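What you see is a predicted model; the values in this text were computed from it and never measured. For the numbers below, each heavy atom of this structure counts, side chains included, while hydrogens, waters and symmetry mates do not.
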Amino acid sequence: INFDHTNYENSTLASKPIFMSTNIHEYPKKYEEYFNDYLPFRNELVKLKNLNDIFVFKNIISDRVLLGKNKWLFTKNVNSIGKYMGIERYYFTKEELEVAKNNLIHFRDELKKKNIDFILMVCPDKQFIYSEYMPDYIKRKSIKSGTDIFVEYIKNNIDIKVVYPKEELLKYKDKYQLYYKYDNHWNNLGAYIGYSELMKSLNIYVDNINNVNIKSLSANERFNFDIYHYNDMANMLSLSKIKYYNDDKAYIISNYITKNYDTNYYISWDNFSFNSKSYKSKDNIMIIRDSYAMNMYDYIATGFKQSEFIYIDTFKNKNITEYNPDYSSF
């Protein structure tokens with residue numbers, strides 16, 4: 001009980017195979033899978049190996065996490081690195097852009113039949129905002145990303161509202177830390193900039209980030225608030241519990257500490273519904289979301305009379321009919 005048994009990989013652990021009921025040819029492989037998952041001191045050994053890589057070799061041998069400068073961690077896979085470097089084969093092809101355009105047009109038109117306004121929101125990845133913390137050995141052919149090209153194409157070819165807060169994030173990135181160092185996501189301040197840009201697209205005024213009350217939280221204080229994410233990259237290295245990766249900055253905007261909304265229901269981590277007591281817009285909004293929306297909950301739930309959050313993988317067309325929002329953001 002004194003050792004770390006956390007399932008950092010968030011995977012289903014193999015069960016011990018029963019010799020008599022397992023095919024003799026499969027038994028060695030299944031037993032090895034079980035043994036690897038339950039190896040004594042497994043997490044301690046993984047931690048030791050990763051700490052040795054970081055402190056001795058100044059690198060991480062991982063197919064999921066990239067060690068940047070000043071302890072910053074980034075997502076590491078062929079796709080994300082290729083996009084960051086500006087390699088053309090990782091851009092959208094003309095055919096893919098055309099398919100995306102037609103899908104968005106169809107979705108917009110179907111919503112318009114129900115008098116629902118559609119907003120497309122694209123959240124920039126951390127490496128495109130804090131590129132100065134990426135390793136020097138990763139050279140960029142172009143600072144224009146595939147996402148930049150996609151957004152530009154959609155804006156030029158479809159009459160829909162597109163929210164892409166990249167320029168605003170770059171504008172404030174040095175004044176405020178807008179993304180977590182050890183996590184893949186923006187923090188509450190980055191999310192607020194995303195929220196303010198969303199509201200701007202709807203002609204609804206909210207305070208500029210310079211005019212809100214920002215409170216910095218200590219590592220202990222953050223547990224008293226709904227701080228989503230924080231160090232998922234460190235978690236992938238089995239290092240999220242050590243002090244070295246628990247010194248990142250966390251913030252709250254104190255204007256939103258008092259929750260002026262009720263949770264109508266909480267089905268799962270995926271889907272939420274809120275009803276606001278004091279709102280800026282009497283309209284209802286549905287967010288077909290990914291994980292970047294989580295740090296926007298408080299802002300959006302306060303901003304609209306009612307708000308619904310549906311995780312993209314669980315979204316069904318019937319959700320639109322059931323909820324009948326005034327706005328749908330994807």
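Heavy-atom neighbours of N317 CG from other residues, nucleotides or ligands within 6.0 Å: at or below the threshold of 12. Shown here is F19, whose CZ atom has no more than 12 heavy atoms of other residues, nucleotides or ligands within 6.0 Å. More than 12 heavy atoms of other residues, nucleotides or ligands sit less than 6.0 Å from atom NZ of K76. Within a 6.0 Å radius of NZ in K16, no more than 12 heavy atoms belonging to other residues, nucleotides or ligands are found. Shown here is F35, whose CZ atom has no more than 12 heavy atoms of other residues, nucleotides or ligands within 6.0 Å. Heavy-atom contacts from other residues, nucleotides or ligands closer than 6.0 Å to NZ of K49 number more than 12.
Side-chain N or O atoms of N246 include none that pairs as donor or acceptor with a backbone N or O of K243 at under 3.5 Å. Although no hydrogens or angles enter the test, the distance criterion places no donor-acceptor pair under 3.5 Å between the side chain of S254 and the main chain of K215. Of the possible donor and acceptor atoms, one in the side chain of R42 sits under 3.5 Å from a partner among the backbone N and O of N36. N231 places a side-chain N or O within donor-acceptor distance of the main-chain N or O of S240, the cut-off being under 3.5 Å. In this structure a side-chain-to-backbone donor-acceptor pair under 3.5 Å is present from E96 to T93. Judged by distance alone, with hydrogens and angles left aside, the side-chain atoms of D232 form a donor-acceptor pair with the main-chain N or O of N184 at under 3.5 Å. Put simply, the side chain of Y251 never gets that close to the backbone of L178: no donor and acceptor are under 3.5 Å apart. The backbone N or O of S238 lies less than 3.5 Å from no partner atom in the side chain of N50, so there is not a single donor-acceptor pair. Under the 3.5 Å distance criterion, the side-chain polar atoms of K126 are matched with a main-chain donor or acceptor of L73. Without hydrogens or angle criteria, N271 side chain to Y311 main chain gives a donor-acceptor distance under 3.5 Å.
Using bins of under 30°, 30° to 60° and over 60° for the plane-to-plane angle, the ring pair F74/W72 lands in the parallel bin.
With respect to E44 and K47, no salt bridge is recorded, no charged nitrogen being found less than 4.0 Å from a carboxylate O. Between D109 and K113 no salt bridge is recorded (no basic side-chain N to carboxylate O distance below 4.0 Å). Comment: K69 engages D136 in a salt bridge, judged by a side-chain N to carboxylate O separation of less than 4.0 angstrom. The pair D125-K83 fails the salt-bridge criterion, with no side-chain N (NZ, NE, NH1 or NH2) lying under 4.0 Å from an Asp/Glu carboxylate O. Between E197 and K200, at least one side-chain nitrogen of the basic residue sits less than 4.0 Å from a carboxylate oxygen of the acidic one, meeting the salt-bridge criterion.
For the pairing with K166, the side chain to side chain contact (heavy atoms under 4.5 Å, CB included) check across T147, V122, I129 returns one residue only, I129. When the options D117, D283, N284 are evaluated for a side chain to side chain donor-acceptor pair (under 3.5 Å) with Y327, the one that passes is D283. For the side chain to side chain donor-acceptor pair (under 3.5 Å) criterion with K71, the lone passing option out of Y133, Y182, Y245 is Y182.
Y195 and L169 fall within the same hydrophobic cluster, where Ile, Leu, Val, Met, Phe, Trp and Tyr residues are linked whenever their side-chain heavy atoms come under 4.5 Å apart, directly or through other members. Y38 and V46 are assigned to two separate hydrophobic clusters, defined by single-linkage of ILVMFWY side chains at heavy-atom distances under 4.5 Å. Residues L66 and L237 do not share a hydrophobic cluster, clusters being chains of Ile/Leu/Val/Met/Phe/Trp/Tyr side chains in contact below 4.5 Å. Following chains of ILVMFWY side-chain contacts shorter than 4.5 Å, one cannot reach Y137 starting from I60, and the two form parts of different hydrophobic clusters. Tracing side-chain contacts under 4.5 Å through hydrophobic residues (I, L, V, M, F, W, Y), one never reaches V99 starting from F107; they form parts of separate clusters.
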Review point. Run the side chain to side chain contact (heavy atoms under 4.5 Å, CB included) check on L202 and K161 step by step: do they pass?
Key: CA-CA 9 Å; L202 300 174; K161 295 173 182 174; 4.0 Å; yes

**OP:** Show the numbers, then the answer: is there a side-chain hydrogen bond (donor to acceptor under 3.5 Å, both in side chains) between D207 and Y192?
**Re:** CA-CA 10 Å; D207 288 328; Y192 184 83; 5.3 Å; no

Residue pair D183, H185: steps toward the side-chain hydrogen bond (donor to acceptor under 3.5 Å, both in side chains) verdict: CA-CA 6 Å; D183 196 282; H185 300 83; 2.7 Å; yes

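With rounding to the nearest 0.5 Å, the separation of CG in D159 from CG in L104 is 12.5 Å. Rounded to the nearest 0.5 Å, atoms CD1 (I287) and CD1 (I312) are 12.5 Å apart. Distance check: K316 NZ to I310 CD1 gives 10.0 Å after rounding to the nearest 0.5 Å. Here the CG atom belonging to D248 is positioned 13.0 Å from the CE atom belonging to M233, to the nearest 0.5 angstrom.
Taking the six-membered ring for Trp, F274 and F309 have ring centres closer than 6.0 Å.
Under the 6.0 Å distance and 45° angle rule, K101 does not count as a cation-pi partner of Y153.
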Show the atom names and distances, to 0.1 Å, of all donor-acceptor pairs under 3.5 Å that link a side chain in residues 84-91 to residues at least two apart or in another chain.
{"from": "Y91", "atom 1": "OH", "to": "K144", "atom 2": "O", "distance (Å)": "2.8"}

